[in-house]
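Order of the sequence lines sets the chain letters (A, B, ...), proteins ahead of strands, with each chain counted from 1. It should be emphasised that the depicted structure is a prediction, and the values quoted were computed from it without experimental measurement.
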2 protein chains.
Amino acid sequence: MTLREVAIKNEKNKIFDAICSYEDISLEELIKNLSKGYVVIPHNKNSNLKRPYAVGKGLKTKINANIGSSKGLPSLENELKKLKIALENGAHAIMDLSTGGDINEIRKAIRENCDVPLGTVPIYQVAVESVEKKIDIINMSVDHMFETILQQAEEGIDFMTIHAGLTLESVKRLKNSKRIMGVVSRGGSLLLNWMTYNNKENPFYEHFDRLLDIAREHDVTLSLGDGLRPGCIEDASDAAQFHELIILGELTLRAWDKDVQVMIEGPGHMPMDQIPANMILQKKLCHGAPFYVLGPLVTDIAPGYDHITSAIGGAIAAANGADFLCYVTPAEHLKLPSEDDVKEGVIAARIAAHAADIVKGIPSAREKDKKMSEARHNLNWQEQVTLSIDPIKASLYHHESGKFEGETCTMCGEYCAIKHYKNAMQNQLN
Amino acid sequence: MTLREVAIKNEKNKIFDAICSYEDISLEELIKNLSKGYVVIPHNKNSNLKRPYAVGKGLKTKINANIGSSKGLPSLENELKKLKIALENGAHAIMDLSTGGDINEIRKAIRENCDVPLGTVPIYQVAVESVEKKIDIINMSVDHMFETILQQAEEGIDFMTIHAGLTLESVKRLKNSKRIMGVVSRGGSLLLNWMTYNNKENPFYEHFDRLLDIAREHDVTLSLGDGLRPGCIEDASDAAQFHELIILGELTLRAWDKDVQVMIEGPGHMPMDQIPANMILQKKLCHGAPFYVLGPLVTDIAPGYDHITSAIGGAIAAANGADFLCYVTPAEHLKLPSEDDVKEGVIAARIAAHAADIVKGIPSAREKDKKMSEARHNLNWQEQVTLSIDPIKASLYHHESGKFEGETCTMCGEYCAIKHYKNAMQNQLN
């Protein structure tokens, strides 16, 4: 049984208990939202996660960190270091997007060292193995695609990005669009290339039931990919993007019918004012399935700082209903991220998620800010450091402040507002 | 005549021409909004700025960088370095908040080296000079306050933060509030301390006409400070904050009557969902005067990363009407910012301002993103670097990408979506 099936049958499960305890919600609420499809627990039957997480309605906003090698940087060791940094800094899920080196070995090593949900984009493995066998990407075989998905499912991958909504019908809309960037999804562009060359329907759409059978058997959560997500501000919210979303909504119902867990992937690059509408429409068109967004990046002009452009968009997205934020690192658009980039990306995404959780009404979120404010008011520096989203950086900066003048920091010194406010309150009592 | 008076009399001025050229707006529009008070040009008669900027309705969102010494870090040299970095990275205005070392010398040196509008908070000088003369802050003299403002006006300071709205009436609301952080405005807390100890009204409120006379004579733009801005998420949008805002709205009309330019300062720390309401109410209560916000920071728990918490809040604020963003650096809440912190703060604020300008409908904003997207589509790396908000970092990251495989970067290598999308489009033509 998938966890969706367990929930529908209203049965108990130790994973549910772990989730309820972390989220501080009742088992009843979790089971209700899981059975309706509003919540997913990406947890392969074979993965036995030490730290399972749920994603969706009424829950804390989760964040994912993408790692993975490329041909230019194929080292397993580097990816394990990035994994460690992502987990230490609070990523709730990891995606291995490796395309360089021995990608099967890398994926297995990441799985062994990853105690949170692990996701992949299986079409990458198909493409890499095809190229290794000197098979052009336009000649990737359909069986290879499904065998790869099965292989990864058996290995215990918890969620997989499958671009099943990028159909020949949506390609028509793409052709009629005036996009600057066209397709910026790697998986989407590989499939598009295959589809247009062979003039054939997307295999994941055409053989969606074959996909569902594998996903059901292993309880792989499908992360229905947005191959047509906008890759720049100008391309956002066009017909191609929404045509794909409509199809993803249809596929969601088919997955639910087979008790397969589903979440939906979303943009991308987008002007701030379009983000709320996109979140509302995704939830509507996809029947309340959890929404997993990459960004959105609210401007195109800040390469080197896309963790910030993404934190702005991600916070707005999550405040308007997005459930799961894929981090974006400062390296986006420029290079494969370094370890430092991974850390910066995770922290920025956590800030966005937390800012949104404050307004989503997650009670524990606001409680954290309250405790920090009390520590600030009390000029209790140790407590401020401990409560920080990144205690290491907070501590470093705090110590750089050097010798304290009494209780205050080098920012204001004796002109500290907190100190003078306390004096003023004392004046009023006297 | 102040520039407001010039506009009301519909006269010409070479500063107006510079503004219109930079903003790409008509002289008619600028004069209309200036005379209504919807736009200010912070430009002291004595400052002769090489790069004047206007702030307000229909204009690009501007950003300010706070620099200034403290007792623990009193070096003039450091502050001049920070000034240089702030200007090089695109700050449209600078505020000198020095409280350590020879603050008069520091301010004059900054003025000499600053070709954009320069602001101060004169009460800091009053406090520092009082302490130097062994006068307790509660005994600062009212004449000293106004003489300091006059001195700085004569030196060519373009805008001054004056906390004139923090009255005994608003202090009542503060007493009745259940704030955690109380008052976090340095200037506000000094005045509050003075007012409560002496049981006297705020001198800047009581003698507001004396202030207006100086401001009018030198065309100093008043930046009416929010001494009661919320200092944490829990304290946002309370009666004390809005009581002060109501008074600032009344003072705005009095200033306009004397042809003095005014902008209004705003929060602070604030949950994301309260930001739009705050922006709308400020514009309404203050009769359309430009809004200058410090943040808002959308969570309290990220010391070390408050340039990001502030970029999220600042972008939302500006998209909803804020005109001027005061940067926040990663050092906020922890220490006086370093040169690196200044750079990070300026860039983050520029990202927020630009993301907002895209949705505010500033035509040149969207044009920049379009050009960047075209450069990306063409894999034109040099152009991407040139168009970046920080070409130095973009170039560094780009070069770290190492040897290119053909035209693509180490992120995706041969699996570059842009490359495969182009192949797919080629397939369709064949």
Handout entry: Residues, nucleotides or ligands: over 12 heavy atoms within 6.0 Å of A:Ile392 CD1
Key = no

Practice task
Would you check, one step at a time, whether the test side-chain contact (heavy atoms from CB on, under 4.5 Å) holds for A:Leu387 with B:Ile301?
Solution key: CA-CA 7 Å; A:Leu387 291 168; B:Ile301 67 161; 5.8 Å; no

Practice task
Heavy atoms only, distances under 4.5 angstrom: which of B:Ser69, B:Cys416, B:Pro303, B:Ala394 has the most pairs with chain A? Name it, please.
Solution key: B:Pro303

Practice task
Measure distances from B:Ile347 to the heavy atoms of chain A and classify the residue's part below 4.5 Å as side chain, backbone, both or neither.
Solution key: side chain

Handout entry: Between A:Gly187, A:Ala311, A:Gly100, A:Ala352, the one whose heavy-atom pairs under 4.5 Å with chain B are most numerous
Key = A:Ala311

Handout entry: Donor-acceptor side-chain pairing of A:Asn427 and B:Asn193 below 3.5 angstrom
Key = yes

Problem - Contacting moiety of A:Ser388, where chain B heavy atoms sit under 4.5 Å - result: both

Problem - A:Ile137 versus chain B, the contacting section by heavy-atom distance below 4.5 Å - result: side chain

Exercise for the section: Considering only heavy atoms and a distance below 4.5 Å, find which of A:Lys368, A:Arg366, A:Glu374, A:Glu344 pairs most often with chain B. Expected result: A:Arg366

Exercise for the section: Please name all residues satisfying ring-ring contact (aromatic ring centres under 6.0 Å, His included) with B:His420, sequence neighbours left out, ordered by chain then number. Expected result: none

Practice task
Evaluate the side-chain proximity of B:Lys335 to B:Asp341: yes if any heavy-atom separation is below 4.5 Å, no if none is.
Solution key: yes

Handout entry: Atom group of A:Asn199 that falls short of 4.5 Å from chain B, counting heavy atoms
Key = neither

Practice task
Could you tell me which portion of A:Ile233 (side chain, backbone, both or neither) has an atom closer than 4.5 angstrom to a non-hydrogen atom of chain B?
Solution key: both

Problem - Proximity breakdown for A:Lys175 and chain B, heavy-atom pairs closer than 4.5 Å - result: side chain

Exercise for the section: For the residue pair A:His269 and A:Asp300, confirm or rule out a side-chain donor-acceptor distance under 3.5 Å. Expected result: yes

Problem - chain B contact via A:Val128 - which portion, at a heavy-atom distance below 4.5 Å - result: both

Exercise for the section: Could you check which of B:Val359, B:Asn198, B:Val298 has the highest count of heavy-atom pairs closer than 4.5 Å to chain A? Expected result: B:Val359

Exercise for the section: Indicate the ring-plane relationship of B:Tyr421 and B:His377, choosing parallel, tilted or perpendicular according to the 30° and 60° boundaries. Expected result: perpendicular

Practice task
Heavy-atom distances under 4.5 Å only: say whether A:Leu396 touches chain B with side chain, backbone, both or neither.
Solution key: neither

Exercise for the section: Would you mind reporting whether B:Glu367 and B:Lys370 have side-chain heavy atoms less than 4.5 Å apart? Expected result: yes

Problem - Those residues that, when tested against A:Arg179, pass salt bridge (charged side-chain N to carboxylate O under 4.0 Å, His left out) (two or more places apart) - result: A:Asp238

Problem - salt bridge (Lys or Arg N to Asp or Glu O under 4.0 Å) assessment of B:Lys178 paired with B:Glu234 - result: CA-CA 9 Å; B:Lys178 295 198 193 313; B:Glu234 278 300 313; over 6 Å; no

Fill in the blank from the handout: Greatest number of non-hydrogen atom pairs under 4.5 angstrom with chain A, of B:Thr299, B:Ile389, B:Val184, B:Asp369, falls to B:Asp369

Practice task
Please tell me if the side chains of A:Thr196 and B:Gln426 come closer than 4.5 Å, counting only heavy atoms from C-beta onward.
Solution key: no

Fill in the blank from the handout: Assert top hit (heavy-atom pairs under 4.5 Å, partner chain A, pool B:Ala315, B:Ala302, B:Ala365, B:Cys232) equals B:Ala315

Fill in the blank from the handout: Greatest number of non-hydrogen atom pairs under 4.5 angstrom with chain B, of A:Ala348, A:Ala375, A:Ala331, falls to A:Ala331

Problem - For the student: nearest non-hydrogen atoms of B:Ser98 and B:Gly68, plus distance - result: OG-CA, 3.2 Å

Exercise for the section: Considering only heavy atoms and a distance below 4.5 Å, find which of A:Ile418, A:Leu297, A:Leu192, A:Asp235 pairs most often with chain B. Expected result: A:Leu192

Handout entry: Segment of A:Pro330 engaging chain B (4.5 angstrom heavy-atom cut-off)
Key = both

Problem - A:His333 versus chain B, the contacting section by heavy-atom distance below 4.5 Å - result: both

Practice task
Just do the side-chain contact (heavy atoms from CB on, under 4.5 Å) check on A:Val126 and A:Tyr124 with the steps written out, would you?
Solution key: CA-CA 5 Å; A:Val126 182; A:Tyr124 293 179; over 6 Å; no

Completion exercise
Checked B:Ile312, B:Asn423, B:Leu174 vs chain A; the most non-hydrogen pairs under 4.5 Å come from B:Ile312

Completion exercise
Honestly, the part of A:Ile358 sitting under 4.5 Å from a heavy atom of chain B is side chain

Completion exercise
Bottom line for A:Ala319: the part with an atom under 4.5 Å from chain B's heavy atoms is side chain

Handout entry: Largest heavy-atom contact set with chain A, pairs under 4.5 Å, which of B:Thr99, B:Val171, B:Val385, B:Val183
Key = B:Val183

